[in-house]
Chemist: 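Quick one: the structure is below, and I'll ask about it shortly.
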Protein chains: 2
Amino acid sequence: MKTGADQEVIPSKEECNASVNAIRDALYVLNGKWKLPLIFTLREGPKRFNEIHKVVYGITPKILSKELRELELNGFVVRKVYPTTPVTVIYESTPYSCTLRNVLDELRSWGFQHREKIKQSMRQSETKSLPAEV
Amino acid sequence: MKTGADQEVIPSKEECNASVNAIRDALYVLNGKWKLPLIFTLREGPKRFNEIHKVVYGITPKILSKELRELELNGFVVRKVYPTTPVTVIYESTPYSCTLRNVLDELRSWGFQHREKIKQSMRQSETKSLPAEV
DNA sequence: CCGGATCCGCCTAGATACTG
DNA sequence: CAGTATCTAGGCGGATCCGG
């Protein structure tokens with residue numbers, strides 16, 4: 001909340017805030033249960049709605065639709081409509097989605113080592129700091 | 001590429017799944033509204049509960065308590081209790097939290113360029129693919 | 001075939017108040 | 001000072017039905 005003149009002028013606060021915002025943007029784009037599976041799935045090749053629906057099983061059409069729309073807004077996939085009867089809709093991963101590579105690589109390797117580390121420390125004291133293994 | 005053997009080279013579903021899980025672990029650890037601010041704040045130096053409560057303004061004691069517990073479980077902070085009267089509790093960032101550096105760097109730079117990119121494409125068609133700037 | 005619309009239940013953040 | 005206790009609200013994901 002803005003209270004006007006109460007700025008506690010901590011020098012690096014703005015920078016930190018900018019970083020936090022940027023990181024949050026990135027996290028926001030990947031959040032939720034289905035974004036990753038969808039990105040990975042579509043990276044295997046273009047697919048139709050029901051193809052995706054089968055491959056990423058468990059997702060409902062509504063959610064799939066919503067997720068695809070978000071991925072499209074973020075430029076990760078393109079939605080191509082072919083005017084057949086009935087229409088054919090193809091979802092396709094874009095080159096832009098490749099810009100995620102470093103991010104995803106870092107997340108993956110860090111996530112992997114972290115799970116190992118947590119499993120270690122769960123030996124001496126049971127904790128619940130990660131979601132269950134699927 | 002494979003020379004046309006009858007073996008379908010299906011990019012192992014297991015691998016993708018493992019990647020997705022690892023990435024999800026990493027995202028899980030950073031999720032929510034307060035994890036990043038807290039990590040950044042504590043990286044400036046050890047702090048007491050109410051200090052954090054003031055610096056990360058907007059957070060409630062309950063949430064702060066919960067978030068700190070999670071950060072502790074993940075090994076990012078240590079909670080040191082000094083038996084003064086009343087007790088003094090110091091939260092302190094650990095060396096392990098530095099292992100996040102690459103991840104956070106990638107997320108930050110990608111997030112930054114992504115917001116720029118989205119702002120661009122919002123020129124031609126208004127979209128709402130990112131949370132509002134704070 | 002490709003979704004949209006609607007309803008619903010859960011989870012969790014948040015507000016507020018209180019305690020050792 | 002360093003947190004808990006209790007209650008509420010709302011967002012998100014899911015199920016199901018509907019429509020172009």
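Computed from a prediction, not measured in an experiment: that's the story for all the values here. Protein chains get the first letters and strands the later ones, always in sequence-line order, with residue 1 at the start of each.
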Chemist: List for me each residue that meets side-chain hydrogen bond (donor to acceptor under 3.5 Å, both in side chains) alongside B:Asn50, sequence neighbours excluded, and say none if there are none.
Modeler: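 side-chain hydrogen bond (donor to acceptor under 3.5 Å, both in side chains) list for B:Asn50, sorted by chain: empty.
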Chemist: Can you check the B:Asn31 CG to C:dA13 C1' distance for me, whole Å?
Modeler: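 Nearest whole value for this atom pair: 12 Å.
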Chemist: Nearest heavy atom decides the nucleotide; on that basis, is A:Gly32 or B:Glu51 closer to the 5' end of DNA chain D?
Modeler: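 With A:Gly32 and B:Glu51 compared, the 5'-side residue is B:Glu51.
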Chemist: If the condition is salt bridge (charged side-chain N to carboxylate O under 4.0 Å, His left out), which residues does B:Lys66 pass it with, not counting sequence neighbours?
Modeler: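 Once residues adjacent in sequence are excluded, the partners of B:Lys66 under the salt bridge (charged side-chain N to carboxylate O under 4.0 Å, His left out) criterion are B:Glu70.
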Chemist: Are OP1 or OP2 of C:dC2 and a side-chain N or O of A:Asn50 less than 4.0 angstrom apart?
Modeler: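 Affirmative; the distance criterion is met.
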Chemist: Is it the case that atom NZ in A:Lys54 sees more than 12 heavy atoms from other parts of the structure closer than 6.0 Å?
Modeler: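 Atom NZ in A:Lys54 is not crowded, with 12 or fewer foreign heavy atoms closer than 6.0 Å.
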Chemist: Quick test of your reading of the model: are A:Arg69 and A:Glu72 salt-bridged, counting only N-O distances below 4.0 Å?
Modeler: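 Salt bridge between A:Arg69 and A:Glu72, a charged N being under 4.0 Å from a carboxylate O: no.
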Chemist: Of all the nucleotides listed (C:dG4, C:dC2, D:dG3), which has the minimum atom distance to the side chain of B:Pro61?
Modeler: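 Shortest atom-to-atom distance from the side chain points to D:dG3.
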Chemist: Could you please name the option among C:dG4, C:dA13, D:dA2 that lies closest to any side-chain atom of B:Ile63?
Modeler: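 Shortest atom-to-atom distance from the side chain points to C:dA13.
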Chemist: Ignoring backbone atoms, test whether B:Arg48 places a side-chain nitrogen or oxygen under 4.0 Å from the OP1 or OP2 oxygen of D:dA2.
Modeler: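 Affirmative; the distance criterion is met.
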Chemist: Mind calculating the distance between CD (A:Glu70) and P (D:dG13) to the nearest angstrom?
Modeler: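 Taking atom P of D:dG13 as the reference, CD of A:Glu70 is at 8 Å.
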Chemist: Between atom NE2 in B:His53 and atom P in C:dA15, what is the gap in whole Å?
Modeler: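 Going from NE2 in B:His53 over to P in C:dA15 covers 10 Å.
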Chemist: In the single-linkage hydrophobic clustering (I, L, V, M, F, W, Y; side-chain heavy atoms under 4.5 Å), do B:Ile39 and B:Val78 co-cluster?
Modeler: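 Each belongs to a different hydrophobic cluster.
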Chemist: By ring pair (Phe, Tyr, Trp, His ring centres under 6.0 Å), which residues pair with B:Tyr96, not counting sequence neighbours?
Modeler: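 By the ring pair (Phe, Tyr, Trp, His ring centres under 6.0 Å) rule, B:Tyr96 matches A:His114, B:Phe76.
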Chemist: Nearest to the side chain of B:Thr60, which nucleotide is it out of C:dG3, D:dG13, C:dG14?
Modeler: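 For the B:Thr60 side chain, the nearest candidate turns out to be C:dG14.
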Chemist: Is there a side-chain contact between B:Trp34 and the phosphate of C:dT12, meaning an N or O under 4.0 Å from OP1 or OP2?
Modeler: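 Result: no.
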Chemist: Is B:Ser65 close enough to D:dT4 that one of its side-chain N or O atoms is under 4.0 Å from OP1 or OP2 there?
Modeler: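 Affirmative; the distance criterion is met.
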Chemist: Residues in salt bridge (charged side-chain N to carboxylate O under 4.0 Å, His left out) with A:Glu92, at least two apart?
Modeler: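 Salt bridge (charged side-chain N to carboxylate O under 4.0 Å, His left out) check on A:Glu92 returns A:Lys80.
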Chemist: Could you write out each protein N or O paired with an N or O of nucleotides 5-12 of chain D at a distance under 3.5 Å?
Modeler:
| residue | atom | partner | partner atom | Å |
| --- | --- | --- | --- | --- |
| D:dT6 | O4 | B:Lys62 | NZ | 3.4 |

Chemist: Between B:Lys33 and A:Pro86, which has a closest nucleotide on DNA chain C that is more 5'?
Modeler: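 Residue closer to the 5' terminus by nearest nucleotide: A:Pro86.
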Chemist: Over how many whole Å does the gap from B:Leu68 atom CG to D:dG3 atom P extend?
Modeler: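 Going from CG in B:Leu68 over to P in D:dG3 covers 8 Å.
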Chemist: Considering every strand and a 4.0 Å limit on heavy-atom distances, what is the contact class for B:Tyr82: base, sugar-phosphate, or nothing?
Modeler: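 Touches nothing.
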Chemist: Distance check needed: C:dT12 C1' versus B:Tyr28 OH, whole Å only.
Modeler: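 From B:Tyr28 OH to C:dT12 C1': 11 Å.
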Chemist: Apart from B:Tyr82 itself, what residues make up its hydrophobic cluster when side-chain heavy atoms of I, L, V, M, F, W and Y under 4.5 Å apart count as a link, directly or indirectly?
Modeler: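 The other cluster members (ILVMFWY side chains, heavy atoms under 4.5 Å, direct or chained) are B:Ile90.
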Chemist: Which one, D:dA2, C:dG4, C:dC2, comes nearest to the side chain of B:Val87?
Modeler: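 Comparing D:dA2, C:dG4, C:dC2 against the side chain of B:Val87, the answer is D:dA2.
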Chemist: What is the separation between atom CD on B:Glu72 and atom P on D:dA2, rounded to the nearest whole Å?
Modeler: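 That distance rounds to 15 Å.
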Chemist: Using only side-chain N and O atoms of B:Arg69, determine if any of them is under 4.0 Å from OP1 or OP2 of D:dT4.
Modeler: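 Answer is yes, contact under 4.0 Å.
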Chemist: Expressed as a whole number of angstroms, how long is the span from A:Lys80:NZ to C:dC2:P?
Modeler: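 Rounded to whole Å, this separation is 16 Å.
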Chemist: Can you tell me how far C1' of C:dG14 sits from CG of B:Leu64, to the nearest Å?
Modeler: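 Atom CG in B:Leu64 sits about 13 Å away from atom C1' in C:dG14.
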